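None of the values given here were measured: they were computed from a predicted structure. All chains are named by letter (A, B, ...) in the order of the sequence lines, taking the proteins before the strands, and each is independently numbered beginning at 1.
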Amino acid sequence: MSTSTPRATGGLRDEDAQGVRMFDAHGGDWSEIAAEAARLGEERIVVNMGPQHPSTHGVLRVMLEIDGETVTEARAGIGYLHTGIEKSMEYRNWTQGVTFCTRMDYVAPLFQEAVYCLGVEKLLGITDDIPQRATEIRVLMQELQRISSHLVFLGTGGNEMGATTVMMVGFQAREDVLETLELITGLRMNHAYIRPGGVVQDLPEGTTGFIRGKLKSIRHYLRQFEDLVLANSIFHMRMKGTGYLSLSACMALGVTGPMLRSAGLPYDLRKADPYCGYETYDFDIPTQTEADNWARMIVRLEEVYQSLRIIEQVCERLDASVGQPVMVADKKIAWPAQLAVSADGQGNSPDYVRQIMSTSMESLIHHFKLVTEGFQVPAGQVWQTLEHAKGTIGVHLVSDGGTKPYRAHFRDPSFNNLQATSIMCEGDQVADVVVSIASIDPVLGGVDR
Amino acid sequence: MSDQKKDDAVVAAVEPVRPLLQVVAVREGMFGAQDAGDTSGFGRGVVATSMPGASARPYGGWFDEVVDVLAEILDESGTSFAAAVEQIVVDRGELTLYIVREHLVEVASALRDDPDLRFELSLGVSGVHYPAQTDRELHAVIHLVSITHGRTLRLEVAVPDADPHLPSLTSVYPTNDWHERETYDFFGIIFDGHPGLSRIEMPDDWVGHPQRKDYPLSGIPVEFKGATVPPAEERRMYL
């Protein structure tokens, strides 16, 4: 090895690379390069994995220094999917912000919507005015989203170990969730469904019955998944004892969510700092103590069952609250548009358009003002967190009293958790890197924003 | 005594003297002028904004206890609490401590290590740019969580644009590594003592710090069916 100091996160300095012989391997003949390296006795090999590698969950780049098959250093490079969402939000009004933050972690968009809206409501001081039914719908959406996010992890995690059937089972189950989301919001992702003050529209008729049917189907697929994986010796050998991240390392690196719970600490914001009335639901926090890739998979699998429990409870409450409002009563904040499905698709309800266009000039003015200007939010700053499928998501919102966010910062759990790549992968085999990164469950849209 | 003077006297008797609030931002737009007069939209409304000012005791809840314990630790160590903490703001049920940058690491260590405080988890750094706040343009905002006690608080450090240096907290909270790189990348705040402060989201050779308020959004016009919509930053702004 040419260097011996620990260097997991240090930036590369020019003097580090001076005088170092480099072998470029793109497009060349590997046997020539290997022979040249063997002749010179150089053992330090740096492999660049990504950002286009299929098992890096998007555009993560990992730089691996390897000694034989052992990883001696791993660095994660991000930024390939940075789209300036936070900057763009500063130029749109508070309601439009939802359509931006939903695109961050595109595998779990409803969590960003929920945390952003809870933050805006805290800034406005209307947290207690949100209708009960709107909060119930938010809980429903978040738990559905948690299931679909975990199913992506379970499915692609199997795929990355070569088990395509596991991936198919996971995605079939996820399809059930996405069909439910499509029924409720009209879209499979990027919903912009949760809005400051409530949700954009009520559940369509018969939704809870539809969901109960889907839950049966999801349980069926979960059983299939368990049959395929839980006693499978390949999964045991690949996942047990790899990607170890102890509790103290989790705490130092600020790692939260299923990764922290796989190390034994039952820290879940739904219990620790409840929001959306989670304290009134009956569910458990699954934990493991092994802190390896296998433990993280088991935690996520059990969390899916807990989410199913919550959905069953919330469906009962939604049956009881049919007809109640889903948007805050304050007309200065509540989005005025009512949606309806007509022959040419979904759009503004004809009754509503008739009302503002031909009967009430005041409501037309009101509609126009609220939709073009938005509402003003008193100056100040807030911090709102909630339990994302991947860990603690936080939003830091600053208002200067205007109709647009002065600053909106998202602390995405994947962004933070990816810092653990080095400590999880170093010392393992190259093949374990893929499994370990999968067990972080990063989504690069959320990481780079 | 005129009515106005009487009102002033009442206010002075009830409220303790507070420092004047610093203007942190000035908003400009076509519509929404607050005073009477021009409603045409061409008057260019201007509104100055101030953030909520320093709070007086009692802060309420566990806030007083945390501030007391922190003050005790800092006073014992030789750094006086008054020298380290500029002001304390309680707003919307959240506690914010404004810290003088020289004492940031010491304050964070105390918050992490004392069993009565035990803020063991850092949720990262967020930056905010207030160009109107002279010599305090760049703010770094750090959110800390105590899992032990179930508490959250915010540290805020302001540095001038001309000297944007701040001690790195990576020695206390290693998790701040990437968060500080992000804040450096977007705002140009330099975290002294960081093990490898480099850009994280923008390309390494990028010029400028894009989340600053004086950095343009650089949108492009949207063309649709023959009509052109200007980029977001050139559209009508409402106050």
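The aromatic ring centres of Phe186(B) and His409(A) sit 6.0 Å or more apart.
Partners of Ser248(A) under the side-chain contact (heavy atoms from CB on, under 4.5 Å) rule, at least two apart in sequence or in another chain, are Ser246(A). Qualifying salt bridge (Lys or Arg N to Asp or Glu O under 4.0 Å) partners for Asp161(B), counting only residues two or more places apart in sequence or in other chains: Arg212(B).
With rounding to the nearest 0.5 Å, the separation of CG in Asn416(A) from CG in Leu123(B) is 8.0 Å. Atom CD in Glu90(A) sits 3.5 Å away from atom NZ in Lys213(B) (nearest 0.5 Å). Note that the CE atom of Met202(B) and the CG atom of Asp448(A) stand 11.0 Å from one another [nearest 0.5 Å]. Interatomic distance, CD1 of Ile78(A) versus CD of Glu182(B), reported as 7.5 Å (0.5 Å rounding). Here Leu123(A) contributes atom CG and Asp91(B) contributes atom CG; the two are 8.5 Å apart, rounded to the nearest 0.5 Å.
Looking at Ala379(A), both its backbone and its side chain come within 4.5 Å of chain B, counting heavy atoms on both sides. Residue contact with chain A, scored on non-hydrogen atoms closer than 4.5 Å, is absent for Pro231(B). At a 4.5 Å heavy-atom cutoff, the contact between Glu94(B) and chain A is made by side-chain atoms alone. Pro378(A) touches chain B through backbone and side chain together, each having a heavy atom under 4.5 Å away. Interface remark: Pro210(B) contributes backbone atoms only to the contact with chain A (heavy atom separation under 4.5 Å). The contact between Ala76(A) and chain B is made by backbone and side chain atoms together, counting heavy-atom distances below 4.5 Å. With a 4.5 angstrom heavy-atom cutoff, Thr385(A) touches chain B only via side-chain atoms. Contact of Thr127(A) with chain B is not made at all, since no heavy-atom distance falls under 4.5 Å. Proximity to chain A is limited to the side chain of Arg154(B), based on heavy atoms less than 4.5 angstrom apart. With a 4.5 angstrom heavy-atom cutoff, Val382(A) touches chain B via backbone and side-chain atoms both.
For the side-chain hydrogen bond (donor to acceptor under 3.5 Å, both in side chains) test with Gln381(A), the passing option among Glu156(B), His139(B), Arg92(B) is Glu156(B); the others fail. Residue Ser126(B) forms a side-chain contact (heavy atoms from CB on, under 4.5 Å) with just one option from Arg411(A), Arg407(A), Glu86(A), and that option is Arg407(A).
Relative ring orientation between His179(B) and Phe415(A) is described as perpendicular, the plane-to-plane angle rising above 60° on a 0-90° scale split at 30° and 60°.
A donor-acceptor distance shorter than 3.5 angstrom exists from the side chain of Gln419(A) to the backbone of Thr175(B), with no hydrogens or angles considered.
In this structure, the side chains of Tyr130(B) and Asp400(A) stay at 4.5 Å or more apart for every pair of heavy atoms.
Proximity to chain A at a heavy-atom threshold of 4.5 Å picks out Val141(B), His143(B), Val145(B), Ile147(B) from residues 140-148 of chain B, in numerical order. Within residues 259-271 of chain A, the residues approaching chain B closer than 4.5 Å by heavy atoms are, in numerical order, Leu265(A), Tyr267(A).
The candidate with the highest count of non-hydrogen atom pairs below 4.5 Å against chain B, out of Val255(A), Thr256(A), Leu81(A), Thr372(A), is Thr372(A).
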